[in-house]
Amino acid sequence: MRIATWNVNSVGARLPRLLEWLESSGPDVICLQELKCSAEAFPSAEVKALGYESLVNGDGRWNGVAVLSRVGLADTVIGLPEGPAYDGGQESRAAAATCGGVRVWSVYVPNGREVGHPHYDYKLQWLEALRRTARHEVSGDLPFAILGDYNIAPTDEDVYDRSVFEGSTHVTEPERAALKALRQEGLSDVMPRALKYDHPYTYWDYRQLCFPKNRGMRIDLVYGNAPFAAAVKDSYVDREARKGKGASDHAPVVVDLDI
DNA sequence: ATGCCTTCTTGAAGAAGA
């Protein structure tokens with residue numbers, strides 16, 4: 001089974017690239033983030049034509065996550081249980097389903113904006129709610145993984161230049177501690193291969209030639225429980241999907257499972 | 001070529017992204 005995760009940065013703007021990638025890469029399941037559309041506006045018919053059912057959590061202008069599957073979509077959950085509110089409401093940042101015997105969560109962790117900003121506190125609270133949810137799902141024999149845009153680089157190796165990020169979100173100790181707490185519930189970081197250069201970055205800013213210069217970050221992660229991790233045959237970042245006109249600023253992370 | 005930011009909402013310019 002092939003499972004992928006991809007922050008598409010607007011499924012509307014990315015639809016031609018998404019459909020092309022689904023056809024060429026053939027994931028059985030894909031977790032999408034940053035849809036930037038409502039559930040009603042999601043292109044369900046277009047992905048259905050390629051054989052995928054859709055589970056969509058979307059609220060319009062920002063955020064939005066989905067799980068697409070061609071191996072079944074059962075026991076679905078929309079939203080993070082007991083997740084914190086921001087600015088008076090729940091945002092569309094999580095969705096879960098069981099697909100072909102694998103339990104997956106698609107997550108779009110809040111950005112945080114700046115250290116000390118209310119959104120940063122919200123980010124840490126959101127991660128704590130995710131940890132509590134993971135605790136309920138991680139045990140047992142069912143392969144389980146939380147895939148998505150975590151908006152955190154787990155180590156200094158996961159950014160192209162640590163000094164550039166001094167004092168910024170995505171690299172702070174509280175954020176990394178929240179990731180560690182998540183792992184300690186029984187999850188491990190499924191490290192993908194880089195198809196070029198020495199580190200598997202998943203995001204490159206659109207500006208200042210970041211992609212050609214490989215000034216990237218590894219912030220799209222796959223955290224799997226023991227049965228999931230044991231089934232991993234291969235994993236890589238498809239940087240080809242970051243190339244050219246009309247690309248997302250994130251590349252897909254692909255995981256091949258012996259399931 | 002990998003190529004100097006892109007998206008959304010809106011109807012000009014601002015906000016968000018990380």
Side-chain angles (χ1 to χ4, degrees), chain A residues 5-18 20-21 32-43 58-66 86-87 89 91-93 107-124 126-127 148-176 178-179 194-221 236-253:
Chain A
T5 182
W6 193 8
N7 177 324
V8 290
N9 185 19
S10 170
V11 74
R14 214 64 58 217
L15 189 59
R17 298 280 297 234
L18 173 62
E20 175 185 280
W21 194 83
L32 302 176
Q33 299 86 35
E34 242 190 309
L35 304 177
K36 294 186 174 177
C37 74
S38 65
E40 297 72 32
F42 187 84
D59 58 23
R61 183 172 184 183
W62 307 112
N63 313 313
V65 296
Y86 185 74
D87 215 7
E91 296 177 321
S92 298
R93 296 184 175 278
V107 299
Y108 178 45
V109 176
N111 170 291
R113 304 206 182 135
E114 295 171 18
V115 177
H117 191 284
H119 208 259
Y120 178 80
D121 297 328
Y122 166 62
K123 180 178 195 174
L124 297 176
W126 201 93
L127 287 162
D149 179 356
Y150 282 67
N151 270 319
I152 302 171
T155 73
D156 286 352
E157 298 299 304
D158 296 309
V159 296
Y160 69 92
D161 182 349
R162 180 63 176 83
S163 66
V164 170
F165 296 92
E166 206 61 55
S168 318
T169 59
H170 294 64
V171 298
T172 68
E173 201 45 51
E175 290 168 283
R176 287 176 173 172
L179 277 189
L195 296 186
K196 188 178 179 183
Y197 304 116
D198 60 353
H199 200 76
Y201 299 136
T202 65
Y203 162 86
W204 300 261
D205 196 298
Y206 284 125
R207 289 166 288 191
Q208 299 173 311
L209 295 170
C210 280
F211 182 59
K213 293 177 179 174
N214 199 34
R215 293 178 176 169
M217 306 172 78
R218 186 175 76 97
I219 55 175
D220 299 271
L221 310 175
Y236 63 93
V237 179
D238 187 1
R239 69 187 302 284
E240 295 298 314
R242 180 63 180 78
K243 293 182 180 178
K245 196 170 180 59
S248 172
D249 43 2
H250 296 250
V253 178

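First the proteins, then the strands, lettered A, B, ... as listed; each starts at 1.
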Can you check the distance between [N] and [M], where both ends of the measurement are the [atom1] atom (answer in whole Å)?
N	M	atom1	result
B:dT6	B:dT2	P	16 Å
B:dC8	B:dC4	C1'	23 Å
B:dC5	B:dA18	C1'	13 Å
B:dA1	B:dA12	P	37 Å
B:dT10	B:dA16	C1'	16 Å

Begin from the C-alpha positions of A:N7 and A:Y108 and carry the test side chain to side chain contact (heavy atoms under 4.5 Å, CB included) through to its verdict. CA-CA 8 Å; A:N7 177 324; A:Y108 178 45; 3.9 Å; yes
Atom pair distance, as rounded to whole Å: [atom1] in [X] and [atom2] in [N]:
X	N	atom1	atom2	answer
A:E34	B:dC5	CD	P	18 Å
A:Y206	B:dT2	OH	P	17 Å
A:N111	B:dA15	CG	P	16 Å
A:Q208	B:dT6	CD	P	13 Å
A:D87	B:dA15	CG	P	14 Å
A:D249	B:dT2	CG	P	18 Å
A:N63	B:dT9	CG	C1'	15 Å
A:N151	B:dG17	CG	C1'	8 Å

Below the 4.0 Å mark, does [N] have OP1 or OP2 next to a side-chain nitrogen or oxygen of [X]?
X	N	answer
A:R61	B:dA15	no
A:Y108	B:dA18	yes
A:H250	B:dG17	no
A:N9	B:dT6	no
A:R113	B:dG17	yes

Considering heavy-atom distances to DNA chain B, does A:R207 or A:T169 have its closest nucleotide positioned more toward the 5' end? A:R207
Take A:M217 and A:E240, find for each the nucleotide of DNA chain B with the closest heavy atom, and name the residue whose nucleotide sits nearer the 5' end. A:E240
Which part of the nucleic acid, if any, lies within reach of [X] when heavy atoms closer than 4.0 Å are counted: base, sugar-phosphate only, or nothing?
X	value
A:D149	sugar-phosphate
A:Y203	sugar-phosphate
A:W204	nothing
A:D205	nothing
A:R242	nothing
A:G112	nothing
A:N7	sugar-phosphate
A:R215	nothing
A:Y120	nothing

If we ignore angles and hydrogens, is there a donor and acceptor under 3.5 Å between the side chains of A:H199 and A:D158? yes
Is a side-chain donor-acceptor pair under 3.5 Å present for A:H250 with A:N9? no
Are any side-chain N or O atoms of A:T202 and backbone N or O atoms of A:I219, one a donor and one an acceptor, separated by less than 3.5 Å? yes
Nucleotide nearest A:A13 when distance is taken to its side chain, options B:dC8, B:dA18, B:dG17: B:dC8
Testing B:dT7, B:dA18, B:dG3 for proximity to the side chain of A:R14, the answer is B:dT7
Which is it for A:Y122 and A:E91 under the side chain to side chain contact (heavy atoms under 4.5 Å, CB included) test, yes or no, and what are the steps along the way? CA-CA 11 Å; A:Y122 166 62; A:E91 296 177 321; 2.7 Å; yes
Can the positive tip of A:R242 be found less than 6.0 Å from the middle of the six-membered ring of A:F211, inside 45° of the ring normal? yes
Close aromatic pair by centroid cut-off 6.0 Å: A:Y120 and A:H117: no
Test ring pair (Phe, Tyr, Trp, His ring centres under 6.0 Å) on A:F165 and A:H170 and set out the steps. CA-CA 8 Å; A:F165 296 92; A:H170 294 64; 7.9 Å; no
Base B:dT2 to side chain A:K196, donor-acceptor N/O within 3.5 Å cut-off: yes
Across all strands shown, which nucleotide pairs with B:dA18 by Watson-Crick or G-U wobble geometry, both distances under 3.5 Å? none
Look through every strand shown and name the nucleotide pairing with B:dA12 as Watson-Crick or G-U wobble, where both distances are under 3.5 Å. none
